[in-house]
Amino acid sequence: MNINENQIPPSGVRALKNDLFLRALKGETVQRPPVWMMRQAGRYLPEFIALRDKYDFFTRCQTPELAAEITLQPIRRIAPDAAILFSDILVIPQAMGIEVLMKENFGPFLPNPIRTIQDVEKVIVPDVHETLGYVFEAIKLTKEMLNDEVPLIGFAGSPWTIMCYAVEGKGSKSFDMAKGFCFQYPEAAHVLLQKITDTTILYLKEKVKAGVNAVQIFDSWGGMLSPVDYQEFSWKYINQIIEALADDAPVIVFGKGCWFALGEMGKSRASALGVDWTCSPRNARYLSGGNITLQGNFDPSRLLSPIPVIKKMVHEMIDEFGKDKYIVNLGHGILPNIPVDHAKAFIDAVKEYNQ
């Protein structure tokens, strides 16, 4: 979709050929909602698997040419309305001097987790140019390769979600150690969360300067906290990031299992809120106040349904959310076992939508 004639881009900025995603973030009236998928640059694509078998995880993240290529793979294959840069939320703790490894068939592993106040004191707020320059180079290269076809999304993990890994040392079903650290040593926890927040703000601002059109904050483990603890240990830090970035680029916040915080989130300067599949479109609209753009919330496992069922469910989902102030997405990242033609059917169903 071409930019409107009355929307003159700033001097030196070329207009996007498809700006539907950005228009939905502004709450404009659209012919159909835009669509993209969390983790679309990844593990369900055979061409991604070929690169995965050749290069280890962080080599792919830290090599701009590889990150750019992986970012573009789904654009060529399934043609969503936005690209999301291939990277990982754990590049932030790496930059802060916390060792992070990616173990095969295990996931993230941090050999020296943060367990004491002294550990927190050692964590640095880095010069993001020195430690994360490869990400900014990947953005510039990706923008060049995208050739203004669609917008590019940059992202970061929420401070709470990053802290979960830093304290636990690995993935977890409950992150009891991270929660316990917050409750036993609240002062140290807040110092660590603030350091992560400060680093994330510096990082996302540079991502915008490098060329991303919007940013998303992933609070993957926010739903582990009670509503009261969520306000103290997660939301107040996310909101700092929103406030710091809102004048630079649209900010999307996705909190998995955080339906209880949608009211507070809806009052923020975020441009959109992600919703997982456990919250109905009606409840999400009601809880968020009804004025903010929402994104989601197709159950990723539902992409294993027969293609006609996927298309029918996508159209029903759009009808329930409404086509305006809405971005079609999954309720979490796409699973590795999803057939590519099913992922494409999800995207195509949105493009075929007629109210």
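Owing to the predicted nature of the structure, the values given are computational and were not obtained by experimental measurement.
Comment: Asp248 does not engage Lys209 in a salt bridge, judged by the lack of any side-chain N to carboxylate O separation of less than 4.0 angstrom. Using a cutoff of 4.0 Å between basic side-chain nitrogens and carboxylate oxygens, Glu47 and Arg77 are scored as salt-bridged. The pair Lys236-Glu264 fails the salt-bridge criterion, with no side-chain N (NZ, NE, NH1 or NH2) lying under 4.0 Å from an Asp/Glu carboxylate O.
Using the six-membered ring where Trp is involved, Phe57 and Phe86 have ring planes that are perpendicular, over 60° apart on the 30 and 60° scheme. Ring geometry, Phe346 versus Phe298: the interplanar angle falls from 30° to 60°, so the pair is classed tilted. Using cut-offs of 30° and 60° for the angle between ring planes, the Trp221 and Phe175 rings count as tilted.
Proximity of a side-chain donor or acceptor of Arg60 to a complementary backbone N or O of Tyr55 within less than 3.5 Å is detected. A donor-acceptor distance shorter than 3.5 angstrom exists from the side chain of Asp56 to the backbone of Phe58, with no hydrogens or angles considered. Using modelled atom types, one side-chain atom of Lys195 and one backbone atom of Val120 make a donor-acceptor pair closer than 3.5 Å. Proximity of a side-chain donor or acceptor of Lys205 to a complementary backbone N or O of Ala244 within less than 3.5 Å is detected. At distances below 3.5 Å, not a single donor-acceptor pair connects side-chain atoms of Gln295 with backbone N or O atoms of Phe254. The backbone N or O of Thr29 sits less than 3.5 Å from a side-chain atom of Arg23, completing a donor-acceptor pair. Put simply, the side chain of Ser271 never gets that close to the backbone of Ile252: no donor and acceptor are under 3.5 Å apart. Under a 3.5 Å cut-off, the side chain of Lys325 and the backbone N or O of Asn291 do form a donor-acceptor pair. Panel note: side chain Lys323, backbone Val30; a donor-acceptor pair is recorded below 3.5 Å. Judged purely by atom type and a 3.5 angstrom limit, Asp81 uses its side chain to pair as donor or acceptor with the backbone of Val35.
Between Val191 and Glu187 the shortest side-chain heavy-atom distance does not fall below 4.5 Å. Annotation: side chain of Ile84 is not in contact with side chain of Met38 (no heavy-atom distance under 4.5 Å). When side chains are defined from C-beta on, Leu204 does not count as touching Val251, because their heavy atoms never get closer than 4.5 Å. Residues Pro300 and Ile338 fail the side-chain proximity criterion, which asks for heavy atoms closer than 4.5 Å. Between Tyr203 and Val91 there is a side-chain heavy-atom pair separated by less than 4.5 Å. Annotation: side chain of Ile241 is not in contact with side chain of Val215 (no heavy-atom distance under 4.5 Å). Counting only heavy atoms from C-beta outward, the side chains of Lys17 and Asn147 approach each other to under 4.5 Å. Between Arg302 and Val309 the shortest side-chain heavy-atom distance falls below 4.5 Å.
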**Message:** As a quick check of understanding, evaluate side-chain contact (heavy atoms from CB on, under 4.5 Å) for Ile70 and Leu45, giving each step before the final call.
**Reply:** CA-CA 10 Å; Ile70 293 167; Leu45 289 169; over 6 Å; no

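Counted by atom type alone, Tyr230 and Trp160 present zero donor-acceptor pairs between their side chains at under 3.5 Å. For the 3.5 Å distance criterion, the side chains of Asn239 and Glu243 fail to qualify, holding no donor opposite an acceptor.
In the displayed structure, Phe183 atom CZ is contacted under 6.0 Å by more than 12 heavy atoms of other residues, nucleotides or ligands. Summarising the local packing, OH of Tyr185 is surrounded by 12 or fewer heavy atoms from other residues, nucleotides or ligands at distances under 6.0 Å. The local environment of NZ in Lys170 is sparse, with at most 12 non-hydrogen atoms from other residues, nucleotides or ligands closer than 6.0 Å. Other residues, nucleotides and ligands place no more than 12 heavy atoms under 6.0 Å from the CZ atom of Arg282. Atom CD of Glu144 sits in a sparse spot, with 12 or fewer heavy atoms from other residues, nucleotides or ligands closer than 6.0 Å.
Across Pro33 and Ile318, no two heavy atoms sit closer than the pair CG-CG2, 3.8 Å. The heavy-atom pair separating Ile117 from Ala188 by the smallest distance is CG1-CB, 3.6 Å. Scanning all heavy atoms of the two residues, the minimum distance from Pro126 to Leu202 falls at O-CD1, 4.3 Å.
With sequence neighbours excluded, the residues satisfying side chain to side chain contact (heavy atoms under 4.5 Å, CB included) with Asp119 are Ile114, Arg115, Thr116, Lys122. Residues passing the ring-ring contact (aromatic ring centres under 6.0 Å, His included) test with His190 are Phe233, Tyr237, sequence neighbours excluded.
Cation-pi contact between Lys207 and Phe155: present, with separation from the ring centre below 6.0 Å and deviation from the ring axis of at most 45°.
The side chain to side chain donor-acceptor pair (under 3.5 Å) analysis of residues 100-114, with sequence neighbours excluded, yields no pairs.
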